[in-house]
Amino acid sequence: MTDEWKPKILGIICNWCSYAGADLAGSARTQYPPDIRTIRVMCTGRVDTLFIMKAFANGADGVLVSGCHFGDCHYLEGNFKAAKRMFLIKSVLKNMGIEDKRFRMTFVSASEGAKWAKVVEDVVKTVTELGPSPLKEFRQ
Amino acid sequence: MVDETKSQKPRVGVYICHCGTNIAGSIDIKELQDFAQTIPNVVLADEYQYMCSTPGQKKIEDAIKEHGLTGIVVAACSPRLHEPTFRTASKEGGLNPFRFEMANIREQNSWVHMHDRQGATDKAKDALKMAVAKASLLEDLFPKSVPVEHSAMVVGAGVGGIQAALDLASSGIKTYLIEKAPTIGGRMSQLDKTFPTLDCSQCILTPKMVDVGRHPNIELMTYTEVEKVEGYIGNFDITLRKKARGVLTPTEAETRGIVGGGCNGCGDCEQVCPVIKPNPFEMGMAPRKAIYIYHPQVVPLIYTVDFDSCVKCGLCVEACGEKKAIDLEQEDEFVTVKVGTAVLAVGYELFPVEKKTEWGYKRYDNVITSLEFERLICASGPTGGKVIRPSDGETPKKIGFVLCAGSRDNTGIGKPYCSRFCCMYSLKHAHQLHEKIPGSQSYLFYMDIRSFGKMYEEFYYRIQDEGAKFIRGRVAKIEEDPITKNPHVLTEDTLLGQPVDIELDMVVLASAVQPTEETNHVRHLFGVSQSMDGWLLEAHPKLNPCGTTTAGVFLAGVCQGPKDIPDTVAQAEGAAAAASIPIHVGEVELEPYFAMCIEEKCAGCGMCVNLCPYSALDLVEKNGRTVMQVTEAKCKGCGTCGGFCPGGAIWMQHFATPQIVAQIDAFLLGGEQ
Amino acid sequence: MSGKTHQYAFFLGCIAPNRYPGIESAAIKTSRNLGIELLPLKGASCCPAPGAFGSIDLKVWYAMAARNLVLAEQMNTDIALICNGCYKSIWEVNHKLKHHDELRDDVNEVLKEIDMEFKGTINVRHLAEIYYDEKICGVAKLADSITTPLKGVKIAVHYGCHLLKPRKEREFEAEGVGDTENPMWMEELVAALGAEPVQYRNKMQCCGAGGGVRGYDIAHALDITNEKLINMSEVGADAITEVCPFCQLQFDRGQIEIGEKFGVEWAIPVLHYNELLGLAQGMSPQDLALDLHGISCEPFLNKLR
Amino acid sequence: MAKAKGYSDENLSVRLADRYYRTEDASPDFLKNVEKIGMTIAHMCYQCGTCTGSCPSAPRSSYRIRKFVRRAVLGLENDALTDPDLWLCTTCYSCTDRCPRDIAPTDIIMAMRNLAFKREIVPRNFLNTVQFIYKTGHGVPNNDVNRAARVRLGLEAEPETTAKYAEFIPGIQKILDHYGLKDKADEILAEGQ
Ligand SMILES: Cc1cc2nc3c(=O)[nH]c(=O)nc-3n(C[C@H](O)[C@H](O)[C@H](O)COP(=O)(O)OP(=O)(O)OC[C@H]3O[C@@H](n4cnc5c(N)ncnc54)[C@H](O)[C@@H]3O)c2cc1C
Ligand SMILES: Cc1cc2nc3c(=O)[nH]c(=O)nc-3n(C[C@H](O)[C@H](O)[C@H](O)COP(=O)(O)OP(=O)(O)OC[C@H]3O[C@@H](n4cnc5c(N)ncnc54)[C@H](O)[C@@H]3O)c2cc1C
Ligand code: SF4
Ligand code: SF4
Ligand code: SF4
Ligand code: SF4
Ligand code: SF4
Ligand code: SF4
Ligand code: SF4
Ligand code: SF4
């Protein structure tokens, strides 16, 4: 623990696009940092703001929600509805004293393996630069 | 749902797969296994070389009985690959298959962190913890079987769609073949001959077109487009727009009480129509009237009025006379049909190669595209098969073929992919030229000749032997001699290392191909994804090339990616077979990921009702309270309602809030309990 | 928009002021007639020559161009210029420094030594492109300013390389300027003067002078020029027009040099677009110092009368 | 590395010199340096020849831009930098405009010229320009005929540049000196005498 701090990042990703994209990054052996743990849901529409709050409350340093591009949702517009909801999260996070950059929603399709790798790289970079979540220190 | 295993303390069995060195090469399996033993609820942690192999699966089956397991976790590849395999194994072992959970430590771990063993192992540990947490809370679920409508739809009637429809229909399935153009046949009907055998394209296609026309199980609907798609595998409700073609078929005429009438294709109307427009089938090189057919062999042989250009003079109506086939006031009609599965075969179009301005297409008269060349050399084409120079009608003797015209191009203007059939048809064009015009000379400007099919390299050999000249260099530019209108092709012969300036009579651009404009619209209707380059995305490039991620929807032909006729037909047969399976089985199991209302918690606010994209939810009165109710048959399990309900009153089966929260907790609190 | 004057810092470069001063004079006067004020950019230097300096050390090229840009930043005025070489240096360096932080930091470290800093606050435009821009001038307004139409002459347009190419790096505010294979907007500008623009083979080929080749291997450079002259004469051009004094030098002096070196005689007058515009707006050949041209403009002027 | 033959007949040694390309011939950083200075992706070249086919210099010389790109990819630094053809590019950017792989061959040439200059390989005319600019701020300085003409046109004899405002010249000299350009130019020119 002492040597190098590694961020704890939770990813909630949809089965049809981002999870498939992440799998594709795997088949293509596109390398990216390992600091993300993913939960698969069928659609980003399933993502309850509670999950994100819970993650931060539990000490996550960052959360990524990723789904299909608009217009590409397997369930027509679950991603759109999720995005509207996720938009609200940002201000709530600010009120909780968490930099809103710790939370991101992205759109990665099943054919965008390289993009997935890039997204994770980006998120890890952003969160690493921000350092440990202020909430985590507060908890301790 | 009385469930005896529910009250029991969870007993989870964990299996870690090496996948040879795919996983074991980057993740410390031993460390992971030791760790697994320490996770709460885990009663057994095993590892094996190849979990998906028969002995691997057997391990699971045996352990379930032996250890009274209530949940299984396999840490291996992606659930998108082997979840079905292990669900079956769990079932074989006597456990409800939905008590299985997979931890993806290959695609999303060992393969993407190949050089960070510790990072990968740590990540795998968390993935295991999370999967065990979820498995501990999983419940028995029972998939619903739904009957499958004994009919299918094929969208697009090029050679791909035609083949798929014939196969489906011949296996006894009622098949709707939908074509937006007035005739079937697609691109293949525009071709003169086909490589490598040089069969006449029409000769081999026409019998199939005729078969389609008279197959008792095929309902052919030309000049028709898909308007709306509802439902799911087994039960699609598809609304079609039958565009007003202004001309009645004999059957349509009969329903209107016109006995013995309707269009018989006599063409009298065409003679009198005063409006002249370019014929798209002839790539605009020949005229057609406002009432027209593409070419004499159309199926069905019914004329069509182009209402965009028709001036409603009524001359055609007069000419048609007693047949009373023409109805200038006809309007679009909508019909809805029910089908079990669908095959998309919507084909392709040429990349607008004029965008590559250095080659001067549309600026220089004697620079044409390959499809224009097909029409020019075709005996039934606008010149009766006489190849002529557009600038002066002379017979060209020296013709250049520019390969990769817009393909393999990363500038953002062209297409990054290889269009796959242009090498071969350019070889064919060279042959046709030599055959048709004695003393003619072809020049093929190429980067690589991709002749990878059966008898293709042999064809290349043959064309070389016939005297075609191959110049290995991508064409830098084409210049027109302002006086003779002769195009000069400038490139480097890279094998000689010398710039070349070759004066020709005519140049044919082997233009790249691209998805048609409407492909995007169609794929949205059917919920099909696209690849990076816009082609429709198959479920798996190798193991499921005809399927899509939408159950019951399949792909055939170039709409999935450039391919020639043999490959198109092969894929069409594959798609037809795949599409017929659920129909012949007669029922499909739907994944039981439905929403359920926890009535005690539901406030009856109704917010979820509007969110559901499939109108699966309603508010109902129950015991004096207003609560939400799910129609399971309509619910597709997206979870949008569950993600939103302010009161947490929606239970999303298999993705329930406690299950997801348990995963989050396992990741973030796991070590600290 | 009309009536409003647009002000630009006028970047002169080397060849126009020091070899063809008529271009400078004409640019100022003709632009004024179009509501465009060209203000002196005091202390500007060579752009510096992209071929020569870019070849030796791109870093020096960035820094020297940046110094010129900062002079205009200090005036808080966009730059207008009349030379494609200058455009390449001044526009491209401005663009690169605006988009690459690392490059900008490098350059600013040098500029600090002379108390300057590149901020990236201004834009750079070629005067010809400004003329074509409907938002500022446009072909119609240009045509309105003509008093003595250049009737009865065929003019071959040489676009030059560095204004338009490389296409993927250029961005123009005026619409319809960007095509590099068969642009027609300068022909429109020429037609607006009453002259007839002619199309010739390989129109977009380089004049041959760039990249230091004129100095390194004059015969090589002239051989390229000669090919262009053949193509232009094939369609009966009475004059050549361009928007780059360096191209002008290559075509104008080049014809004499071709005569000397290859024994091939040419006499096609070469006029910068601003010189043509000057004539069409009623300036006399003396006002334009056309007598300084290597190839006599007399036959062309005679044809006009 | 080419294997030395060491035949007693020097002429035969030269005529029969080992002409294999071996991986040892590759200069390890050449490609990297070229790509960095040129800000382009030489290694993506698939040798299609579009660049040479576009090049106005190719049809009148042995200059092949495609070959230089190849040399970058293979690390043939010496071959590239000592080839006099390197200086025949007019920087017309036709190749860059058309390269289907979105490479900028022109900038590869510019980068190679920069690297050649580091080795003091550079044609004299380039250095003369440096000297003029160091002195006057202009690559093509004013002269008396021109001054007279300017006055005739109603312009000032000296344009509004460093020609008129000499106080700006020291700043320019500082920039050039920062890179040691003037000294290096003088030195190379002196050596060439
Ligand atoms: C110049 C040229 C020469 C060729 N030569 C050969 C050759 O010699 N040998 C060979 O093997 N291959 C050749 N090919 C390739 C061949 O054309 C294709 O492999 C084949 O046509 C693919 O058939 P398809 O059914 O997938 O698509 P298409 O032929 O494009 O058929 C698609 C059909 O779907 C219809 N459609 C599109 N959208 C909709 C919609 N929204 N609703 C309803 N209908 C729709 C279209 O109207 C069309 O009828 C050549 C191609 C070109 C361009
Ligand atoms: C070195 C190499 C690398 C490759 N890499 C790739 C790749 O990366 N991607 C890719 O897509 N493709 C790849 N391929 C191609 C791939 O191997 C084939 O496309 C694929 O294996 C073909 O499968 P098949 O079922 O047709 O034939 P096979 O795999 O040959 O299967 C035929 C089976 O039939 C059995 N059999 C034969 N005769 C009889 C008989 N008389 N009675 C009963 N059984 C019989 C054989 O024992 C065998 O099990 C590669 C091929 C090679 C050689
Ligand atoms: S289960 Fe998956 S990871 Fe394991 S051997 Fe099979 S494919 Fe490989
Ligand atoms: S005249 Fe009538 S029957 Fe004959 S082709 Fe025309 S519409 Fe058909
Ligand atoms: S009514 Fe229309 S289709 Fe019929 S003849 Fe007139 S223009 Fe042609
Ligand atoms: S098939 Fe041949 S011509 Fe067509 S894109 Fe591929 S390589 Fe180029
Ligand atoms: S949103 Fe929740 S509380 Fe409101 S009706 Fe739906 S299930 Fe009931
Ligand atoms: S999960 Fe909810 S929103 Fe999604 S389909 Fe089912 S009922 Fe509708
Ligand atoms: S044009 Fe581009 S890809 Fe082709 S040879 Fe030249 S540099 Fe390579
Ligand atoms: S930029 Fe140079 S290499 Fe490229 S085409 Fe022009 S002269 Fe040739």
Side-chain angles (χ1 to χ4, degrees), chain C residues 10 12 14-15 17-19 21-22 24-25 40-46 48-60 63-64 67 110-111 113-114 116 161-162 165-168 180-181 204-213 215-217 220-221 223-224 227 286-289 292, chain D residues 37 39 56-57 60-61 87-94 96-97 102 104 106 109-111 113-114 117 122-130 132-133 137-143 145-146 149-150 152-155 159-165 167-168 170-172 174-176 178-179 181 185:
Chain C
F10 188 22
L12 292 171
C14 297
I15 299 173
N18 298 335
R19 292 293 177 273
E24 176 183 341
S25 175
L41 181 60
K42 295 177 183 162
S45 68
C46 178
F53 268 76
S55 296
I56 291 175
D57 192 340
L58 284 158
K59 285 190 170 157
V60 187
M64 289 281 290
R67 193 196 72 93
V110 185
L111 290 183
E113 292 179 20
I114 55 170
M116 280 185 152
C161 299
H162 296 137
K165 290 184 275 189
R167 167 169 52 189
K168 49 200 157 207
T180 56
E181 295 295 348
M204 293 311 288
Q205 178 171 276
C206 172
C207 69
V213 175
Y216 173 62
D217 185 345
H220 184 96
D223 189 44
I224 299 178
E227 184 185 330
Q286 291 74 30
D287 291 342
L288 297 162
L292 289 188
Chain D
I37 300 171
M39 298 202 278
S57 279
R60 42 186 53 80
S61 70
W87 306 91
L88 283 181
C89 167
T90 70
T91 68
C92 74
Y93 281 91
S94 296
T96 299
D97 242 23
D102 219 16
T106 319
I109 289 298
M110 293 306 260
R113 287 181 180 183
N114 280 206
F117 178 69
V122 62
R124 301 175 66 83
N125 61 300
F126 291 83
L127 303 175
N128 294 335
T129 311
V130 173
F132 277 132
I133 291 182
H138 280 296
V140 180
N142 208 351
N143 60 32
V145 178
N146 191 62
R150 292 183 61 88
R152 192 151 49 82
L153 296 178
L155 296 166
E160 300 278 334
T161 60
T162 48
K164 183 171 160 193
Y165 303 98
E167 62 269 31
F168 283 93
I172 290 169
K174 265 193 189 163
I175 295 178
L176 296 179
H178 177 94
Y179 295 99
L181 202 62

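Letters go in sequence order (proteins before strands), and every chain restarts at 1.
Residue C:Arg167 touches chain D through both its backbone and its side chain, counting heavy-atom pairs closer than 4.5 Å. In this structure, chain C has a heavy atom under 4.5 Å from the side chain of D:Val145, while its backbone stays farther away. Only the backbone of C:Leu288 comes within contact range of chain D, with at least one heavy atom under 4.5 Å from a heavy atom of that chain. Both the backbone and the side chain of C:Glu113 come within contact range of chain D, judged by heavy atoms closer than 4.5 Å. At a 4.5 Å heavy-atom cutoff, the contact between C:Leu58 and chain D is made by backbone and side-chain atoms alike. For D:Thr106, no part lies under 4.5 angstrom from a heavy atom of chain C. Looking at D:Asp102, the atoms closer than 4.5 Å to chain C (heavy atoms on both sides) sit in the backbone and in the side chain alike. Contacts of C:His220 with chain D are made by both backbone and side-chain atoms, with heavy-atom separations under 4.5 Å. Of the two parts of C:Asp287, only the backbone, made up of N, CA, C and O, holds a non-hydrogen atom closer than 4.5 Å to a non-hydrogen atom of chain D. Heavy-atom distances place both the backbone and the side chain of C:Ile224 under 4.5 Å from chain D. Looking at C:Glu181, only its side chain comes within 4.5 Å of chain D, counting heavy atoms on both sides.
The backbone N or O of D:Lys164 sits nowhere less than 3.5 Å from a side-chain atom of C:Lys42 that would complete a donor-acceptor pair.
Nearest heavy-atom pair across D:Pro159 and C:Asn18 is CG-OD1, 3.7 Å. Taking every heavy atom of both residues into account, C:Gly51 and D:Met110 meet most closely at O-CE, 4.1 Å. Considering every non-hydrogen atom in both C:Gly43 and D:Tyr165, the closest pair reads N-CD1, 3.6 Å. Across C:Leu12 and D:Glu160, no two heavy atoms sit closer than the pair CD1-N, 4.1 Å. Shown here for C:Gly211 and D:Arg113, the closest heavy-atom pair between the two residues is O-NH1, 2.8 Å. Between D:Thr96 and C:Pro166, the closest heavy-atom pair is CG2-CB, 3.7 Å.
Once rounded to the nearest 0.5 Å, the distance linking CZ of D:Arg60 with CG of C:Asp223 reads 4.0 Å. Atoms CD1 and CG, from C:Ile15 and D:Asn146 in turn, are 11.5 Å apart once rounded to the nearest 0.5 Å. A distance of 12.5 Å separates CG of C:Asp217 from OG1 of D:Thr90, quoted to the nearest 0.5 Å. To the nearest 0.5 angstrom, C:Met204 atom CE is 15.0 Å from D:Tyr93 atom OH. One distance of note links CZ of D:Arg152 with CD of C:Gln286; it measures 8.0 Å at 0.5 Å rounding.
Interface remark: of the candidates C:Cys206, C:Pro17, C:Pro48, C:Cys161, C:Pro17 forms the most heavy-atom pairs closer than 4.5 Å to chain D. Ranked by non-hydrogen atom pairs under 4.5 Å with chain C, the options D:Leu155, D:Asn114, D:Ile37 are led by D:Asn114. For the options C:Leu292, C:Val60, C:Leu41, heavy-atom pairs under 4.5 Å to chain D are most numerous at C:Val60. When each of D:Gly171, D:Gly137, D:Ala185, D:Ala163 is scored by its heavy-atom pairs under 4.5 Å with chain C, the top score falls to D:Gly137. Listed options D:Leu88, D:Val122, D:Thr129, D:Ile133 were ranked by heavy-atom pairs under 4.5 angstrom with chain C; first place goes to D:Leu88. Interface check for chain D: of the options C:Cys46, C:Gly54, C:Gly208, the most heavy-atom pairs under 4.5 Å are formed by C:Cys46. The most heavy-atom pairs under 4.5 Å with chain D, out of C:Gly22, C:Cys207, C:Gly210, C:Ala221, come from C:Gly210. For the set D:Leu181, D:Leu153, D:Ile175, the entry with the most heavy-atom pairs within less than 4.5 Å of chain C is D:Leu153.
Atom NZ of C:Lys168 is surrounded by more than 12 heavy atoms from other residues, nucleotides or ligands within 6.0 Å. When the shell of 6.0 Å around CZ of D:Phe132 is examined, it contains 12 or fewer heavy atoms from other residues, nucleotides or ligands.
Between C:Tyr216 and D:Trp87, the angle of the ring planes lies from 30° to 60°, which puts this pair in the tilted group.
Using a 4.5 Å heavy-atom threshold, the side chains of D:Thr91 and C:His162 count as touching.
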